[in-house]
> 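Below is a structure I'd like to ask you about.
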Amino acid sequence: MYLRKRFLFQKMIKALIVSFAVGGAAALASPAQAEGFYLNPEYNAGWSGSDFTAGVLDLGVGYESGAFFAQIGPSVLMGDGVDAETGFSGKAGLSGAVSDSVGMYGEVSFAKYEDVDAGYGLKVGAKYSF
């Protein structure tokens with residue numbers, strides 16, 4: 001178990017370094033044209049009760065302009081007790097003000113790994129500011 005966790009950690013670090021190197025090189029190559037681009041490393045984990053089920057490390061490179069954003073990048077799925085799966089994930093969304101105190105947002109997403117069916121997501125919501 002220790003060797004598997006150590007291997008997964010090394011794999012995650014390599015993916016993180018490569019993503020930041022590619023994104024950073026693109027941003028530094030032409031800072032004036034890199035406006036709106038961003039890097040978004042994100043880790044999500046899930047539990048059922050107190051039992052860990054899985055974690056996902058997404059290393060997104062994205063673009064944002066006004067109310068629109070889109071990002072894509074490598075993703076590592078780490079289920080409890082199974083080997084890690086490497087794949088890709090992405091998302092795109094919109095947000096905007098409905099009034100001075102109410103905003104709405106929406107997001108669609110996907111993730112695809114080698115030995116796992118593609119997954120899709122939809123998020124829609126509103127935010128009320130006091």
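When reading the values below, keep in mind they use all heavy atoms of this one structure, side chains included, and skip hydrogens, waters and symmetry mates.
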> Measure the spacing between NZ of Lys112 and OG of Ser75 and express it to the nearest 0.5 Å.
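Going from the NZ atom of Lys112 to the OG atom of Ser75 covers 12.0 Å.
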
> Determine whether Val56 and Val116 fall in the same hydrophobic cluster, where Ile, Leu, Val, Met, Phe, Trp and Tyr are linked whenever their side-chain heavy atoms lie under 4.5 Å apart.
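Linked, Val56 and Val116 end up in one cluster.
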
> If you look only at pairs with a residue in residues 93-102, which of them pass as a salt bridge (charged side-chain N to carboxylate O under 4.0 Å, His left out), with sequence neighbours excluded?
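Sorted result for residues 93-102: empty, none.
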
> Less than 4.5 Å apart, side chain to side chain, heavy atoms only: is that true for Ser101 and Tyr128?
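Ser101 vs Tyr128: side chains touch.
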
> Could you pull out the closest heavy-atom pair between Gly55 and Phe52, with the gap in Å?
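For Gly55 and Phe52, the tightest heavy-atom pair comes out as N-CZ, 3.4 Å.
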
> Mind checking whether Val124 and Phe110 sit in one hydrophobic cluster, side chains of I, L, V, M, F, W, Y counted as touching below 4.5 Å?
no

> Locate the shortest heavy-atom distance separating Tyr105 from Ala126; write the atom from each residue and the value.
CE2-N, 3.7 Å

> How long is the gap from OG on Ser109 to OH on Tyr120, to the nearest 0.5 Å?
10.5 Å

> For Gly46, is there any backbone N or O sitting under 3.5 Å from a side-chain donor or acceptor partner on Thr53?
yes

> Can you see which heavy atom on Glu85 is nearest to which on Tyr113, and at what distance?
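In terms of heavy atoms, the two residues are closest at O-CD2, 3.7 Å.
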
> Is there a side-chain contact between Asn40 and Phe69, using heavy atoms and a 4.5 Å cut-off?
no

> Does the side chain of Tyr43 come within less than 4.5 Å of Met78's, by heavy atoms?
yes

> Taking the six-membered ring for Trp, are Tyr63 and Phe37 ring centroids under 6.0 Å apart?
yes

> Would you find more than 12 non-hydrogen atoms of other residues, nucleotides or ligands less than 6.0 Å from Asn44 atom CG?
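For Asn44, atom CG is crowded (more than 12 foreign heavy atoms under 6.0 Å).
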
> Are side-chain heavy atoms of Val61 and Ile72 found at a separation under 4.5 Å?
no

> Using the side-chain contact (heavy atoms from CB on, under 4.5 Å) criterion, which residues pair with Phe88? Sequence neighbours excluded.
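Scan of Phe88 (side-chain contact (heavy atoms from CB on, under 4.5 Å), adjacent residues dropped) gives none.
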
> Scan residues 42-59 for pairs that pass salt bridge (charged side-chain N to carboxylate O under 4.0 Å, His left out), counting only residues two or more places apart or in two chains.
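Every salt bridge (charged side-chain N to carboxylate O under 4.0 Å, His left out) pair that includes a residue of residues 42-59, provided the two are not neighbours, is Glu42-Lys91.
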
> Please report the interatomic distance CG(Leu77) to CG(Asp83), rounded to the nearest 0.5 Å.
11.0 Å

